[in-house]
Amino acid sequence: MSRPLSDHDKKKQISVRGLAGVENVADLKTNFNRHLHFTLVKDRNVATKRDYYFALAHTVRDHLVGRWIRTQQHYYEKDPKRVYYLSLEFYMGRTLQNTMVNLALENACDEATYQLGLDMEELEDIEEDAGLGNGGLGRLAACFLDSMASLGLAAYGYGIRYEFGIFNQKIVNGWQVEEADDWLRYGNPWEKARPEYTRPVHFYGRVEHHPDGVKWVDTQVVLALPYDTPVPGYRNNVVNTMRLWSAKAPCDFNLKDFNVGGYIQAVLDRNLAENISRVLYPNDNFFEGKELRLKQEYFVVAATLQDIVRRFKASKFGSREIVRTDFTALPDKVAIQLNDTHPAMAIPELMRVLVDEEKLPWDEAWDISVRTCAYTNHTVLPEALERWPIDLFHHLLPRHLEIIYEINRRHMERVEAMFPGDVDRMRRMSLIEEGPQKKVNMAHLCIVGSHAVNGVARIHSDILKATVFKDFYEMEPDKFQNKTNGITPRRWLVMCNPGLAEVIAERIGEDFVRDLDQLKELLNFIDDDAFIRDVANVKQENKLKFAVHLQDHYKVIINPNSMFDLQVKRIHEYKRQLLNCLHIITYYNRIRKEPNHDWTPRTIMIGGKVPHIRVTLAEKVVTFITLQGHPAGGHIHQHYRVKVIFLENYRITLAEKAIPAADLSEQISTAGTEASGTGNMKFMLNGALTIGTMDGANVEMAEEAGGQPVHLRHEGGGRGRHGRQGVRGRGHGPKGEKEEYYNSLPELKQAMDQIAGGFFSPKQPDLFKDIVSMLMHHDRFKVFADYEDYIQCQDKVNELYKDPKEWTKKVIHNIAGCGKFSSDRTISQYAREIWGVEPNPERSPPRRRAVAKQPQPARHAGVREIQP
Ligand SMILES: *Cc1c(COP(=O)(O)O)cnc(C)c1O
């Protein structure tokens, strides 16, 4: 009988993890020891686990350096059109494993660390997440960087190097407590500061109009210091750059004003300037009109545009020899993509640079600017749309406000010319909203100032054209496009679920990693019992691993044979965690009533952070969920075959552990409210079935999963009993509608009465009364309207789960339909249809010799490896 394979041996067999050649391993060990000695300045007697992580990170990083320099050299020489992805968020997560995956170093590093007596997974777990994002929008930017590099685009991500990313969430007595995310405390081995490229950014001041042009004077200057992070493509030798700006006070900051308190106070006040890049605003789909946030938005834009213009001028087209740069070539050499309206100031800033600084006539500058910029819309929720008060603008960026007024004046002229006398249309389309407080509508600015406007899933793009931006669509229909979101299969399959990746690779080879459409070849194995068994086994292993993780870290014990039912995403009314809660209560009541029935055991896990601005209601949702999971306060528990867990501090790293373990993915937003969703795609790719509304990308996922009813779904959006209603109305519906649901659905009534009566919070019977009153009287998102369909659909899920083979076959159908949801497909479409560049999925563009050779391993005594 052969010995069962250890975890380590099992991993070595997995080919998608790269080959562990003897030479590679020996080199890695040498370099690891060299970094421990020279970079960390430690020996193995005193080194900590964190030192070992850093030594490994530096060892892996060395493999990026030559490729990074060579790629940038190549761009300089070939001068292709550059793509600039501007985003206030890059939700990157960890970097070490991703780098090893993309460079095919994972197995070799695993072997090297193993031979050194270390556990690579344990070291990987020491890395902090780069949590510079809130949720979907920030993670999309991160997936796009991976795909742009993997497709060989000359692309850059530009954003802010927040000193504190998204807060860490602790649950204390059922309530969310936020902790600062001090992610840079131990240093960041993946970034390289570039102080030599520091750029000035101006604020405040006033505008002077002279015969020879406009001057913005008496400004305050803050310096923008760039930090570069390498972005490797998947096994193609390309390494692009993500450049994040950090705010730095100039040396003379406040020193000119001798009356403000002297030298000491001036030095202390440097913080005021440097606060700009201190912290990420933790709002997801919500606009908070704070001055510091507007400063952040302009800061990233102003610094980035200086880079873009400098790089353009230094290129052949910019032609240094000729006296004047030919800016008419800019749209042929540069594409700027705005990730939502957050970097919208790029439009007036580019105009300011071209008109005020480069002295171009307005019309010429405007034509260049529009052809360079493109805008992606991410939401239709009115509370999320950025509308900045004019007063704030006037104070902080007086020249930009003038430029926006001039853009609007010309825009209004065009509206008037096309729709003479339609005053109401002009009011609706203005960049300036009238009212008690005048505001700049940033979405309108972006539409007018871009040559392409896109939504992020087909239904969302259709809603933009039909409702939110209807007037703009009628004026310029050709501007409007769709680019359905995607996720990178490197992080969200190969990296987080190597078991599944391997089982797939055994059947269809490894090329699906760069060409996800190939997953449809799995349909050839839909009746292959061995394949069905392999897929089911991988899921079971992932569930066990996650159960062990929860036990080790949170001391909760869950049943790995129960259905893992997950809803992980930001907590939001429109995402309807409360609909999930109503199902939980209903299921629990049924089990109590009929304890001997053959109920499908479920572990329901809900996780997500609460936006800090509107904590009251959302926080109570968290509290409700956590109390059920709590051994003392929980009414709903394992004894009744249903257990509720709140997953604390949901973030990229937790997503990577939880999603591969999921059986059921909850995607139940009110139809018309979730622009796309990307969590939905991660679950689908990792072999979970979806229960979802026909919203966002769910619609296209159901389509791609093929003819079979692979998607368990209800309709959502209040369809059914009362017909379909718009979700953007006042949300009150016909009078008495919600009472009608309550009175006609006995199980709903029972659940609501229990919540209202303090059944789930006996010590504080009134705790959830505002949840009750919201659901009963002013729910904008129609939870009651979908309750009945949702419960019925969950019943079907339970039935299907009782037949493991049928379940797994549907899972395989789902995985086979995932091709469309690779961000490689999304980026190829942006490239061809918006940016005018051609993606190049070739494996290895011609390799040139690096300027410097790879650093040679140093010989030194005193550092010896320890054999296990
Ligand atoms: C993918 C992802 C999201 C987005 O999830 P949705 O369900 O699409 O809202 C949010 N947070 C994290 C950590 C993610 O990885």
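None of these values were measured; they are calculated from a predicted model. In listed order, ligands and their atoms are each counted from 1.
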- Identify the residue among Gln667, Glu666, Glu674 that makes a side-chain contact (heavy atoms from CB on, under 4.5 Å) with Lys575. Glu674
- Give the ring-plane orientation class for Phe546 versus His549, where under 30° counts as parallel, over 60° as perpendicular and anything between as tilted. parallel
- Query: Is Gly679 close to ligand 1, meaning an N/O of one under 3.5 Å from an N/O of the other?
  - Reply: yes
- Specify the protein heavy atom at minimum distance from atom 12 (C) of ligand 1: its residue, its atom name, and the distance to 0.1 Å. Tyr650 CE2, 3.6 Å
- When you measure from atom 4 (C) of ligand 1 to each heavy atom in Gly133, Gly131, Gly136, Ala658, which option holds the nearest one? Gly136
- Message: Please classify the Lys682 to ligand 1 contact at 4.0 Å (heavy-atom distances, strictly less than): side chain, backbone, both or neither.
- Response: side chain
- Message: Are Thr673 and Thr670 packed together at the side-chain level, in the sense that at least one heavy-atom pair is separated by less than 4.5 angstrom?
- Response: yes
- Side chains of Asn98 and Met495: closer than 4.5 Å at any heavy-atom pair? yes
- Query: When you measure from atom 7 (O) of ligand 1 to every protein heavy atom, which one gives the shortest distance, and what is it?
  - Reply: Lys569 NZ, 2.7 Å
- Please say whether the positively charged group of Arg161, taken as NZ for Lys or CZ for Arg, lies over the ring of Tyr227, i.e. under 6.0 angstrom from the six-membered ring centre and within 45 degrees of the axis. yes
- So which protein heavy atom does atom 8 (O) of ligand 1 come closest to, and at what separation? Thr678 N, 2.8 Å
- Task: Just jot down the ligand 1 atoms closer than 4.0 angstrom to any heavy atom of Arg651, in number order.
- Result: 13 (C)
- For ligand 1, is any non-hydrogen atom under 4.0 Å from Trp492's backbone (N, CA, C, O), its side chain (CB onward), both, or neither? side chain
- Which atoms of ligand 1 are found less than 4.0 Å from any heavy atom of Ile652? 13 (C), 15 (O)
- Query: Is it true that Tyr85 and Tyr158 have ring centroids separated by less than 6.0 Å?
  - Reply: no
- Item | Gly135: numbered ligand 1 atoms lying under 4.0 Å from its heavy atoms | 10 (C), 11 (N)
- Task: Using heavy-atom distances, let me know which of Arg139, Lys575, Arg570 sits nearest atom 9 (O) of ligand 1.
- Result: Lys575
- Query: What class does the angle between the rings of Phe480 and Phe469 fall in, given that below 30° is parallel, 30 to 60° is tilted and above 60° is perpendicular?
  - Reply: tilted
